[in-house]
Amino acid sequence: MASVNTVSKLVKDNPLQTAQRVVIKIGSALLVDAETGQLRNDWLKSLAKDIAAQKRQGRDVVVVSSGSIALGRRVLGLSDGSLPLDQAQAAAAVGQIRLARAYEEFLAPYGINTAQVLLTLDDSANRRRYLNSRATFGALLSHGVVPIVNENDTVATDEIRFGDNDRLAAQVASMAGADVLVLLSDVDGFYSANPKTDPTARKFETVMKITPELEAMAGDAGTAAAKGGMKTKLMAAKTAMRAGCAMAIMEGNQHEPLAALQAGTACSWFLAATNPQAARKQWIAGMKPRGTIIVDAGAVAALQSGKSLLSAGVVSVTGTFERGDPVRIADAQNNECARGLVGYSSSESKAISGCHSAEIASVLGYAGRAALVHRDDMVI
C-alpha cells in the first residue's frame, strides 16, 4: 500500500491537476451491458457528475465514446460477434442517435450542452479537414460545450478508418490541443504482460519514452466488445506525446473516474516532453512551405506582437497552395519572419490581398474567416 507521502506526491505531480483541456476515451464495455445490450445508466450518470466537476474547476472536456454499434445491434436484432460492413454501419447509425441522446440527457441537469462530432481518418490526415475540425472543436469549447466524438462508422470504410477509438482519441487530443488524454481500460495501467494471466507482470507507473521493448510487451484486445488492446494504446500514447499531451491508462469501471485520477488512483502516465502549444509550433516549423506571402511593415510588427496575419497587410502571394498548407511569411525584402498554415488557397489569398476583413465576402462571393494565417497556426 502506498504511503501518505507517496500519494501526496502522486497528486502533486499529477498532470490532470494543471490541465486546461482533457480528452477522455470511453470504451463500449463501460457504456453498454454485455448481457442486455443496454446502457449502464448508473455509470454514465456518475460520469456526467464527473465531467461537471471538471468543468467547474475550469477545464474543457472532450469525450471520445464507443458504444454506437453495441447499442444498435441489439435494436436491430443482430447476432453477437463480427458483423459485415453494411450491418455494422447500420447498427452504428441506429446506436449513435441513442448514444448522443444519453449524453445529452445526463449532462443537461448540470447545465452542460453537448455536441455530436463524427470523424474519419481523412479528417485528421487531410490538413484542410484537420484545420476545419480543429476550428470546430475550438468554437464548441469556447461556448462551454462538451463534444461527444466517435468514428463516423456509418460512412467509414477500411481505408479511411482509425479502426479503434484509442487512436481516434489521441488524434482528437492533438486536434483540440488537449493537455491530458485519459484512456479508460479494463486494467489499471500498462504492464509488462497481461496481469490477469501472469502474476509476475510488472506495472509501469510513469513512461517518458516508448521504446521497442515496451512495444514488444503490448498484447491484443482483452474483451469481445473492445477493438483496442495495449498495442493500440501505445500507438495512441505516441501520437499524444508528440502533440505535447500527457496520457493516462486507468481502470475505468469505477464511478467518477476523472475525480479518482485527480486524487491519485492507480494508473500509468505517459508524459510528454513539451506542451501542446510548443509541440504544435515545432510541427509547423518543420513543414516544407508551399508558397510565400509577402507582407508590409505593419503586418510584420503585428506578427511580432503575437497577432494573426490579416489580408490587409498582404503585399503579394507566390506559389500554389490550398487551405491548410504551410507557407512562408516574409517582409518586403523577402526575409522570412514567420511560417504557418494558411487559411485560404493561393488564388483566394491573391484575390483578397490588401483587403480589409469586411471586404472579403464581397471579393470572394462568400463569407470568409478574418485571419489569413491564425496566430495559433503560426510560428515566428
Here the gap from Asp331 atom CG to Ile294 atom CD1, rounded to the nearest 0.5 Å, amounts to 7.0 Å
query = Hey, any chance Leu271 and Val182 share a hydrophobic cluster, counting ILVMFWY side chains that come within less than 4.5 Å of each other, even indirectly?
reply = yes
Would you say Ser174's side chain and Ala170's backbone share a donor-acceptor pair under 3.5 angstrom?
no
Do Asn152 and Leu119 have side chains that get closer than 4.5 Å, going by heavy atoms? no
I'd like to know if Leu131 and Ile293 are part of one continuous hydrophobic network [Ile/Leu/Val/Met/Phe/Trp/Tyr, side-chain heavy atoms within less than 4.5 Å].
no
Check your understanding: Any salt bridge between Asp33 and Arg40, counting N to O under 4.0 Å?
Key -> no
Interatomic distance, CG@Leu183 vs SG@Cys267, rounded to 0.5 Å, equals 11.0 Å
Query raised in the report: Just by modelled atom types, is the Leu78 backbone N or O under 3.5 Å from a matching donor or acceptor in the Gln87 side chain?
Result: no
Quiz item: Looking only at atom types and distance, does a side-chain atom of Arg74 sit under 3.5 Å from a main-chain N or O of Ala70, one as donor and one as acceptor?
Solution: no
Practice task
Could you please spell out the steps behind the side chain to side chain contact (heavy atoms under 4.5 Å, CB included) verdict for Thr265 and Gln254?
Solution key: CA-CA 11 Å; Thr265 193; Gln254 56 183 306; 4.2 Å; yes
Does Leu141 reach the side chain of Val62, with side-chain heavy atoms less than 4.5 Å apart?
yes
I'd like to know if Asp186 pairs up with Lys196 as an ion pair, taking the criterion as any Lys NZ or Arg NE/NH1/NH2 lying under 4.0 Å from an Asp or Glu carboxylate oxygen. yes
For a quick check under 3.5 Å, do Arg328 and Thr292 share a side-chain donor-acceptor pair by atom type?
yes
Next item on the list: For the residue pair Glu215 and Lys231, establish whether any side-chain heavy-atom pair is separated by less than 4.5 Å.
Entry: no
So CD of Glu151 and CD of Gln171: to nearest 0.5 Å the spacing works out to 11.0 Å
As a quick check of understanding, evaluate side chain to side chain contact (heavy atoms under 4.5 Å, CB included) for Leu39 and Leu99, giving each step before the final call. CA-CA 8 Å; Leu39 281 170; Leu99 189 63; 4.3 Å; yes
Closest non-hydrogen atoms of Ala178 and Pro276, given as atom of the first, atom of the second and distance, are O-CG, 3.2 Å
So do the side chains of Val187 and Met230 get within less than 4.5 Å of each other, counting heavy atoms only?
yes
Of all heavy-atom pairs linking Ser357 and Ala370, the shortest is OG-O, 3.7 Å
- Item | Check against side-chain hydrogen bond (donor to acceptor under 3.5 Å, both in side chains), Asn165 and Ser66 | CA-CA 7 Å; Asn165 275 356; Ser66 303; 2.8 Å; yes
| said: Does this structure show an ion pair linking Arg280 with Asp376, if we count only N-O contacts that are shorter than 4.0 Å? | reply: no
Say whether, by atom type as modelled, one donor and one acceptor occur between the side chain of Trp43 and the main chain of Gly252 under 3.5 angstrom. yes
message: Does Glu336, at its CD atom, have more than 12 non-hydrogen atoms belonging to other residues, nucleotides or ligands within less than 6.0 Å?
response: yes
With distance as the sole test, does Asp50 use its side chain to make a donor-acceptor pair with the main-chain N or O of Ala259 at under 3.5 Å? yes
query = Between the main-chain N or O of Leu16 and the side-chain N or O of Asp179, is there a donor-acceptor pair closer than 3.5 Å?
reply = no
- Go through the side-chain N and O atoms of Glu359 and Ser362 and say whether any donor and acceptor fall under 3.5 Å apart. no
Does any non-hydrogen side-chain atom of Arg290 lie less than 4.5 Å from one of Pro326? yes
Side chains of Ile284 and Met378: closer than 4.5 Å at any heavy-atom pair? no
### Message
Salt bridge check, Glu256 against Lys49: does any charged N sit closer than 4.0 Å to a carboxylate O?
### Response
yes
What about Tyr344 and Met287, same hydrophobic cluster or not, with Ile/Leu/Val/Met/Phe/Trp/Tyr joined at side-chain heavy-atom distances under 4.5 Å? no
message = Counting only heavy atoms not in Leu76 (residues, nucleotides, ligands), do more than 12 fall under 6.0 Å from its CG?
response = yes
(request) Show the numbers, then the answer: is there a side chain to side chain contact (heavy atoms under 4.5 Å, CB included) between Lys55 and Val146? (result) CA-CA 9 Å; Lys55 288 186 66 62; Val146 173; 3.7 Å; yes
Between Gly264 and Asn14 the two heavy atoms that sit nearest each other are N-ND2, 4.2 Å
Interatomic distance, CG@Leu258 vs CE@Met250, rounded to 0.5 Å, equals 7.5 Å
Between Ser353 and the options Val314, Val295, Val363, Leu372, the side chain to side chain contact (heavy atoms under 4.5 Å, CB included) test singles out Val314
- Exercise: do Asn150 and Ser65 side chains pair donor with acceptor under 3.5 Å: no
*Kindly say whether Arg59 contributes a backbone atom to a donor-acceptor pair with the side chain of Arg21 at under 3.5 angstrom?*
no
| said: Distance to the ring centre below 6.0 angstrom and angle to the axis at most 45 degrees; does that hold for Arg202 and Phe204? | reply: yes
**Prompt:** For the hydrophobic clusters of this structure (ILVMFWY residues joined by side-chain heavy atoms under 4.5 Å, transitively), does one cluster hold both Leu71 and Val63?
**Reply:** yes
Minimum side-chain heavy-atom gap Ser308-Val373 below 4.5 Å
no
Quick check: do Leu341 and Tyr130 have side-chain heavy atoms less than 4.5 Å from each other? no
- Query: Would you call the rings of Phe270 and Phe190 parallel, tilted or perpendicular if under 30° counts as parallel and over 60° as perpendicular?
  - Reply: perpendicular
Note: Cys245 and Ala272 closest approach over all heavy atoms is N-CB, 3.7 Å
In short, Thr320 meets Ser346 closest at the heavy-atom pair CA-OG, 3.6 Å
Distance col, row Ile380:CD1 vs Arg339:CZ, nearest 0.5 angstrom, shows 12.0 Å
Within one Ile-Leu-Val-Met-Phe-Trp-Tyr cluster: Ile148 and Ile51, side-chain cutoff 4.5 Å: yes
Residue pair Glu104 / Gln116, side-chain donor-acceptor N/O under 3.5 Å | no
Give a yes or no on whether Gln20 atom CD has more than 12 heavy-atom contacts from other residues, nucleotides or ligands under 6.0 Å away. no
- [ ] Decide if atom NE2 of His255 counts as having more than 12 heavy atoms of other residues, nucleotides or ligands within a radius under 6.0 Å.
- [x] yes
Interatomic distance, CD1@Ile249 vs NZ@Lys203, rounded to 0.5 Å, equals 10.0 Å
- prompt: Counting distance only, does the side-chain N/O of Ser28 pair as donor-acceptor with the main-chain N or O of Gly67 below 3.5 Å?
  reply: yes
Go through Lys25 and Arg167 one step at a time and tell me if the side chain to side chain contact (heavy atoms under 4.5 Å, CB included) criterion holds.
CA-CA 10 Å; Lys25 178 263 178 180; Arg167 283 178 288 185; over 6 Å; no
Between Arg323 (side chain) and Ser345 (backbone), is there a donor-acceptor pair under 3.5 Å? no
Q) Okay, side chain of Gln333, backbone of Asn335: is any donor-acceptor separation there less than 3.5 Å? A) no
Smallest heavy-atom separation, Val64 atom then Leu168 atom, equals CG1-CD2, 4.0 Å
